[in-house]
2 protein chains.
Amino acid sequence: MSEVGTIESIPDATVARLPVYLRGLLELADTGVEMVSSVSLAELAGVNAANVRKDLSYLHAHGTRGVGYEVGHLLAEIRVVLGGSRSSPVVIVGVGNLGRALSRYDGFLAGGFPIAGLVDADPMVVGRKVAGTVVRPVGELADVVAQTEATVGIVATPANAAQEAVDRLVQAGIRSILNFAPAVVAVPNFVDIRQVDLATELQILGYHQHRRTGDSDTSLVSG
Amino acid sequence: MSEVGTIESIPDATVARLPVYLRGLLELADTGVEMVSSVSLAELAGVNAANVRKDLSYLHAHGTRGVGYEVGHLLAEIRVVLGGSRSSPVVIVGVGNLGRALSRYDGFLAGGFPIAGLVDADPMVVGRKVAGTVVRPVGELADVVAQTEATVGIVATPANAAQEAVDRLVQAGIRSILNFAPAVVAVPNFVDIRQVDLATELQILGYHQHRRTGDSDTSLVSG
DNA sequence: ACGCTCTTGTGCACCGGTTCACATGGCACT
DNA sequence: AGTGCCATGTGAACCGGTGCACAAGAGCGT
């Protein structure tokens, strides 16, 4: 996958869990807890305790044997790893139902990803104000990126416009993209893209459901 | 993970790719293509060709050597595996920004997952009509599930209400849940739950970005 | 009918990730 | 200071998944 290797690299699976730990730690900090063991953090994150310890060992976040980890320390450590606690403005391409919802989603701002720009191809949508931001034409994407200093792009267009949207984002200098359009898009290998496919998620659930109900026998349960 | 094993089980990784194949195949069918090789399907889905062949072998979807796979046949085969092409009505708990966007999302209906019911805890929201459906109080969830014959639940509540929402869904008989709330929730092991965490996705992107820009050297590129 | 070409189907080696189990070592209490 | 307890940190086995590479086999042209 990533082939930098200059600085110590953290396994992808670990990186994917760090935000979950972060959430759990924030909760603990809110309730005044100062120390946490790998076991309780694991419970909070829904993973195995040994896994937590191994994950944290990648961050050089040392705990104290017999005691646990310092919550505040861990928080800071994880924040540094996940983008240096620097704010990363986001530009959204495609202001349909999903784009609007995303632009209003509090979780992004709280996580250090303020929605700084909105663009759309539809002239009916351009010019409207959504979540405090005026929607600008997709042709001006490069300007929007430059002005807002956006570093992350979200694609929330229909599937058939996704590739073009991604191309424009890359053209505008964006190197991190989150794609909600149900389409496989190609990007240069210096661009990091993640796919979030809502319909696919339901279909995966559908498989297991079908499997369960299609199975005439229900005497399993196992635990 | 899943421990049924009565009928032949398909690896999770394969199941996750089937919807992508399905999309690609629909595209091909639309353009009148009747046969497809594992190589072109792989390209369409953004995966390795051998992987495609191995995936399809799990479905007993035989291709013809030297020729490829029949598009229509494959389509039918995958649809059967992913829930028997039966429609699975969905009930959404939490009709905020995200819940509204999801209830209007075309992709769900197209994939056989019509939004059949909406519930919310906020009396201000209850009674309103969203995407053609009246929002009902969360207390009536069991009724809504029964009336709509919903088999899938989507949780789009704030994090602190997620566990309760999930509990209610399980109570109402739902066994397949898609959770958009940024919270780890516990479910009985006969319930299948998938997590879609928007902020987490951005944070993962943030890690790689930080890593890239934090690295003073940029002489890599590799391809 | 024969052989060539093309694509499927799969055995096998490799790789990342997970989990167990245990040694290591700090802290508290006496 | 000594002793016991407890949680960390990690070596090593295990497991699922991926991708190469090749044999098997279908169709087509001659």
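Values below: all heavy atoms of this structure, side chains included; hydrogens, waters and symmetry mates excluded. Throughout, protein chains are lettered first and strands after them, A, B, ... in sequence-line order, and every chain is numbered starting at 1.
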Calculate the interatomic distance between B:Y58 atom OH and D:dG16 atom P; express it in whole Å. 11 Å
Distance check needed: C:dT10 P versus B:L56 CG, whole Å only. 12 Å
When the distance from NE2 of B:H60 to P of C:dT10 is rounded to whole Å, what number comes out? 11 Å
Any donor-acceptor pair under 3.5 Å linking the side chain of A:Q209 with the backbone of B:T151? yes
Expressed in angstrom and rounded to an integer, what is the separation of B:D12 atom CG from D:dT18 atom P? 11 Å
What parts of residues 62-72 of chain B reach DNA chain C, counting only heavy atoms under 4.0 Å away? B:H62, B:G63, B:T64, B:R65, B:G66, B:V67, B:G68, B:Y69
Counterpart residues, side-chain hydrogen bond (donor to acceptor under 3.5 Å, both in side chains), relative to B:R65 (two or more places apart): none
Could you tell me whether B:E43 atom CD has more than 12 heavy atoms of other residues or ligands within 6.0 Å of it? no
Only counting residues at least two apart or in another chain, list the ones meeting side-chain contact (heavy atoms from CB on, under 4.5 Å) with B:V20. A:V184, B:R23, B:A45
Nearest atoms (heavy-atom pairs only) where B:I174 meets B:G153: CG2-N, 3.6 Å
Whole angstrom value for the distance that separates C1' of C:dT8 from CG of B:D55: 14 Å
Looking only at side-chain atoms of B:R17, point me to the closest of D:dT18, D:dG17, C:dT8. D:dT18
Among residues 30-52 of chain B, which contact DNA chain D at a heavy-atom distance under 4.0 Å? B:N48, B:A50, B:N51
Do B:K54 side-chain and D:dT18 base share a donor-acceptor contact under 3.5 Å? no
Which donor-acceptor pairs under 3.5 Å do the side chains of residues 103-112 of chain B make with protein atoms, sequence neighbours left out?
{"unit_1": "B:S103", "atom_1": "OG", "unit_2": "B:G99", "atom_2": "O", "d": "3.4"}
{"unit_1": "B:S103", "atom_1": "OG", "unit_2": "B:R100", "atom_2": "O", "d": "2.6"}

Tightest non-hydrogen contact, residues A:L74 and A:Y69, listed as CD1-CB, 3.7 Å
Nucleotide D:dG19, atom P - distance to CZ of B:R53 in whole Å: 12 Å
Using atom types as modelled and distance alone, determine if a side-chain donor or acceptor of A:S37 lies under 3.5 Å from a backbone N or O of A:S40. yes
Residues in side-chain contact (heavy atoms from CB on, under 4.5 Å) contact with A:H62, at least two apart in sequence or another chain: none
